[in-house]
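Values below: all heavy atoms of this structure, side chains included; hydrogens, waters and symmetry mates excluded. Letters A, B, ... mirror the listed sequences (proteins, then strands); counts begin at 1. Model, not experiment: these values are computed from the prediction.
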Amino acid sequence: MANTLVMSEIEPEIRAEWIPAFESNPDETKDKLYVNVAFPYPSGAMHVGHGRTYIIPDVVARFWRMQGKQVLFPMAFHVTGAPVLGIAKRIANKDEKTLKLYGELYRVPKETIANFTDPITIVNYFADEYERVMKQLGLSIDWRRRFTTIIPQYSKFIEWQYTHIYGQGKVQKGEYPVRYCPACDQPVGDHDLLEGESAEIMHFVFVMYQFGEYQIPCATLRPETIFGVTNLWANPETTYVKAEVDGQKWIISSEAAEKLRMQKHTVVELSTLHGTELIDKTAKNPYTGADVPILPASFVDPDMGSGLVMSVPAHAPFDYIALRDLQEKGKYTDIKAIPLVTVPNYGTIPAQDIVEKNKIPNQEDPRMDDLTQELYTAEFSKGKLNDNCGIHAGKSVRQAREDVTREFTDERGSIIFHEMSQKRVICRCGGRVYVKILDDQWFLNYGDQAWKAQVHEQLPKVELVPAEVRAEFERTIDWLKEWPCSRRVGLGTHVPWDPKWLFEPLSDSTVYMAYYTISYKISKIPAEKLIPAVFDYIFLGIGDPTNMPVDEATLHELRSEFLYWYPYDYRFSAKDLISNHLTFQLFHHKAIFPDNLQPKGMVVFGMGLLNGMKMSSSKGNVFLLEDAANEFGADTVRMFLVGSAEPWQDFDWRNELVLSVKKQIERMWQIVLDSSDASGTTPIDAWLVSRMQQRIAATTKCLCAFQTRQALQEAYNGVVSDLAWYRRRLPEGSSGGAVQKEIMSEWIRLMAPVIPYTAEKLWKETGHEGLVSFAAWPVADESKINKSVEISESLIQRTVEDIQSILKLVQIEASNVTLFIAPQWKRHLFSIVAGAEDKRNVIKTVMADESLRAKGKEATDASLQTVKLIHSLSPELVSAIADGVDEEAIFKAASAFIEKECRLSVEIVSAEESTHPKAKSALPFKPALVIE
RNA sequence: GCGAGGGUAGCCAAGCCAGGCCAACGGCGCCAGACUUAAGAUCUGGUCUUCAGUAGUUCAUGGGUUCGAAUCCCUUCCCUCGCACCA
């Protein structure tokens, strides 16, 4: 028998046995359990953060497998999408950062990286690596079912899915403003940006001023301020263009003309016009009909909005200062600010108020942006429109803005103009990013109210772990709207009815859990035979199986396997996917599958930290999972990740803590082996067996609730501490009873889901046949629970602790301890107090008893002490004590032990028979102690 | 800003939903002792203050409810996640 545990030696042989054993087929004699995880996008190596995402489901899968369920735990790789295209391109361009990441951090061999100019090579390489590392970690996955999302059979499956979704009218063409890189000719997401990730798309209203036969659009976020416009601003150094926009004659900056084209407007430039040509002319306010002058302003940016701005000096600090500057030079002194909003804590002219209070000298003051923001926010949240605002007078700013915008766009020819909130938004290609309206785009209409209602109705039937995430799901269902589900570039499946598009990754990964159930069989069927009708039969039972490209027997087989496994029981994923993927898949399941095949449960994980910092490949703050497994062993990695936090909490990987987990596993190894030749019986055996039943029950209960950390506390720390007490209590010279063999067999099984390699090896070493992975989970045996022996041990333990803490305190040369056992009347009192409804007025109850009242003050004192004692004991223990515990017998039996533990001779005396003053303080379950 | 979730002793972290089993599980770190030639590992004990096993003051903050609050309600401050063309 091996004496030391060397993980790397035991792992390969066990792994070889496992891989075929975890191939899971339908077994009608057993209940099934289907768990799955959000499949990975294999564009890089796995770090320890990923590890937990797969290890927790594995622990759960292993637990249920031992509970006798037929468990399915499949895995596949999501290679749809664009990121690897970018990676391949950057590698082809010898981008240093990328080469460093893949060469140094992920340690891909040089000759392999050379082939990474092909995106498919990258995902295949890492998919293989994922599989290798997952196997190394002992994940009980059925690897036959592995696939990637770009194999032809899967594409056929996606086509089938969207045949239904599209057929139900849930995929529609739409217009949507997106961040767009003209150089790449495609939309850009956050991760495609070099700069400006925080920029948002802002939606301006173009307010149209009449200027002769032309219109001057002024971009504003606050159209309700139309009532306070005193003038327009034009930049005298800019050349504007006269243009026909959607058939109307406009004056705008040339930058604006270009942006309008991207936003689906037809723009024909007619002629140019110098800014100075506009200055001091007047334009007509479309709402009030008033003529407003156009004033010069160098701050007007032609690259922002239309290049022309309406001025509301009463409410816009910039406008106020610009006008003030001009008026101080004696110009335009007839213009007066027109206040239109009243807002608490600001003067009649809020812009003037805030500028003067802060003593802003000029427009260049850096505080201007903050002041503007502050005032805008105050007015938006608390402002009300004044009487000079026509039909909008008295409305809140929030309401008026909404109403005025609608009025302008519906009736007054205004358009919504989209603009980035920052100018420096730069694509990875180096080009500037603009807002573009895509008109050819396909959208999944998650905004469909009927669809939302169905999902809302379904959600309560889905078990969510932890329960707190339910609110977030509810919110997400409400919040989702049109989702652009197609892309021009990337890997993936073509949209069947419009093949120039591809489904984007979040849209081709919503019902693939169904595909797992048949993936290993369907991959043998040529894709061209997999027409939608075939999937209709397999998944929905619709159609005539005798008249299909796939033969009937095969169809029956696929259908029945699908029905065996589906619906899935639990899906595991990190919490950041609630707001998209996890909710999407509820929508799609609802749209396609009948009620009895809807998802049954989801378990949402917290995030991973490394040494207290967020893990991030790009920042290099990662610890590769494979390195961890090699350095510490798979079981150590598993036990650490399971034990460091409950699944839904964030966890922190720290190497120094991991090391102590390794020692814990080694300790278990040693304890089990040391117990293997135990024989005979000891008086304390019954206690150990009793405790073990409760450990089994608690561990089982925790695992059923996905409390893997708590389960591990019970199964490991709990058992270890019980064993420690057991050994302490053994008679001199004894190494324990044969009962330990039974305990060890149970312990190995309790730990098997978490540390399967070690457990598997120990299972064999202790003479068991077969794999522990498939052994029966221990069941707590009620008949072995022995309350009275647990109570005696508890009394002994507490007393020994008390003696030792006194010894610590007094530091005297003691040789003897006397235990004064509480007298009968105090036991009587204890049960009265324990039975009292209201512990506050317990004295009254006690005094109602003749015999106790006779004791007088002694009884009242004892009552108070008893109340305190009872509060410090578990209710279970309290009622046991109230029922009567023979303390004298317990201490007599344990006196040798106490003498050994405390190195004192023990004397047991009934408190009644002593005159020692201390003896009076004896209480039931708390003997008075005198050490001398 | 909006939505969701959190803040517990030197650190990590249980407890909170179902208020008295709470000076508060467990681990790390630290201190002392045992073992050892020594170190490491391991084991034992200690680790808010005080103390013959008692008591006092603690669970972000400030209030409130209650005989009693880490736990329930409200204030404020701080942190994490999500906020959409995407893994």
Side-chain angles (χ1 to χ4, degrees), chain A residues 38 40-44 78 80-84 176 178-180 186-192 200 373 377 380-381 438 441 443 446 466-476 478-488 490 504-507 509 574-581 606-607 609 612 614 643-646 648-652 654 656-657 659-661 663-664 666-667 670 709-710 712-713 716-718 721 724 728 798-799 801-812 838-841 867-868 870-878 918 921 926-931:
Chain A
Y41 184 77
S43 65
H78 195 202
T80 312
V84 282
Y176 199 69
V178 297
R179 283 183 301 200
Y180 198 86
Q186 62 171 314
V188 288
D190 268 350
H191 56 276
D192 299 322
E200 292 172 35
Q373 193 55 49
T377 305
F380 181 68
S381 53
L438 288 186
Q441 173 70 288
F443 289 87
Y446 293 123
E468 296 84 65
V469 299
R470 191 169 294 278
E472 209 172 336
F473 273 101
E474 293 282 4
R475 259 289 302 180
T476 302
D478 287 331
W479 167 77
L480 285 175
K481 53 188 186 192
E482 298 80 10
W483 176 263
C485 63
S486 61
R487 292 203 86 174
R488 294 284 197 171
E504 62 80 42
L506 282 175
S507 300
S509 58
K575 68 178 168 191
D576 51 353
L577 293 188
I578 294 174
S579 64
N580 49 52
H581 166 74
M607 315 298 282
L609 303 175
K614 202 184 288 186
S644 61
E646 296 293 2
W648 43 88
Q649 297 170 321
D650 296 348
F651 75 96
D652 189 7
R654 289 174 192 260
E656 69 270 19
L657 303 193
L659 221 50
S660 75
V661 169
K663 285 176 212 158
Q664 290 180 315
E666 285 161 358
R667 189 177 312 164
Q670 207 53 54
R709 174 190 148 91
Q710 187 62 38
L712 185 57
Q713 295 258 328
Y716 185 83
N717 296 324
S721 78
R728 233 169 123 182
R798 293 173 70 94
T799 307
E801 277 170 18
D802 280 353
I803 295 170
Q804 288 179 339
S805 71
I806 294 168
L807 281 174
K808 200 109 236 158
L809 283 169
V810 295
Q811 305 280 353
I812 53 168
D838 188 349
K839 303 265 190 301
R840 286 175 270 159
N841 296 321
V867 169
K868 188 163 265 177
I870 283 176
H871 278 156
S872 78
L873 300 170
S874 73
E876 218 174 35
L877 204 47
V878 169
K918 269 272 161 198
S921 62
K926 196 167 181 63
L929 304 176
V930 172
I931 294 169

The reported gap from CD in Gln710(A) to CG in Asn717(A) (rounded to nearest 0.5 angstrom) is 10.0 Å
- Item | Any Arg728(A) side-chain nitrogen or oxygen under 4.0 Å from OP1 or OP2 of U44(B) | no
Can you find a side chain N or O atom of Arg709(A) that sits less than 4.0 Å from OP1 or OP2 on A13(B)?
no
For [N] and [M], measure between their [atom1] atoms and round to the nearest Å.
N	M	atom1	result
G7(B)	A70(B)	P	15 Å
A69(B)	A34(B)	C1'	43 Å
G19(B)	U66(B)	C1'	9 Å
U80(B)	G10(B)	P	22 Å
A52(B)	U58(B)	P	24 Å
A24(B)	C59(B)	C1'	8 Å
C11(B)	U61(B)	P	14 Å
A9(B)	A60(B)	P	8 Å

Could you check which of [options] has an atom nearest any side-chain atom of [X]?
X	options	value
Trp479(A)	C86(B), C83(B), C28(B)	C83(B)
Phe443(A)	G82(B), A14(B), C85(B)	C85(B)
Ile931(A)	A52(B), A14(B), G26(B)	A52(B)
Lys926(A)	C85(B), A84(B), G53(B)	G53(B)
Leu929(A)	G45(B), C25(B), G53(B)	G53(B)
Ser579(A)	C85(B), G82(B), C86(B)	G82(B)
Lys663(A)	C85(B), A41(B), C83(B)	A41(B)

[N] - base-pair partner by Watson-Crick or wobble geometry, distances under 3.5 Å:
N	result
G26(B)	C12(B)
A60(B)	U76(B)
G1(B)	C83(B)
A52(B)	none
U44(B)	A32(B)

Using a 4.0 Å heavy-atom cut-off across all strands, classify [X] as base, sugar-phosphate, or nothing.
X	answer
Val661(A)	nothing
Pro42(A)	nothing
Trp648(A)	nothing
Ala82(A)	sugar-phosphate
Leu577(A)	base
Glu646(A)	nothing
Tyr180(A)	nothing
Asp652(A)	nothing

Nearest whole angstrom, please: distance from the [atom2] of [N] to the [atom1] of [X].
X	N	atom1	atom2	result
Leu712(A)	G27(B)	CG	C1'	11 Å
Arg470(A)	C17(B)	CZ	P	20 Å
Trp483(A)	C86(B)	CH2	P	8 Å
Leu480(A)	A84(B)	CG	P	12 Å
Asp650(A)	A13(B)	CG	P	8 Å
Asn717(A)	G26(B)	CG	P	9 Å
Arg179(A)	A84(B)	CZ	C1'	9 Å
Gln710(A)	A14(B)	CD	C1'	7 Å

A correct 5'-to-3' footprint of nucleotides 4-11 of chain B, with B, S and - meaning base, sugar-phosphate only and no protein heavy atom under 4.0 Å, is SS------
State whether the side chain of Tyr716(A) and the backbone N or O of Gly643(A) hold a donor-acceptor pair below 3.5 Å, judged by distance alone.
no
#### Entry: Short side-chain to backbone donor-acceptor contact, Glu646(A) and Gln649(A), under 3.5 Å
no
Between Arg667(A) and Gln649(A), whichever has its closest RNA chain B nucleotide further toward 5' is Gln649(A)
Ranking Val930(A) and Ala724(A) by the position along RNA chain B of their nearest nucleotide, the one closer to 5' is Ala724(A)
Considering all heavy atoms of both residues, which atom of [X] and which atom of [Y] are nearest to each other, and what is their separation?
X	Y	answer
Lys575(A)	Asp650(A)	NZ-OD1, 3.9 Å
Glu504(A)	Trp483(A)	OE2-NE1, 2.8 Å
Ser579(A)	Trp479(A)	O-CZ3, 3.8 Å
Arg487(A)	Ala82(A)	NH1-CB, 3.7 Å
Thr476(A)	Ile578(A)	CG2-O, 3.8 Å

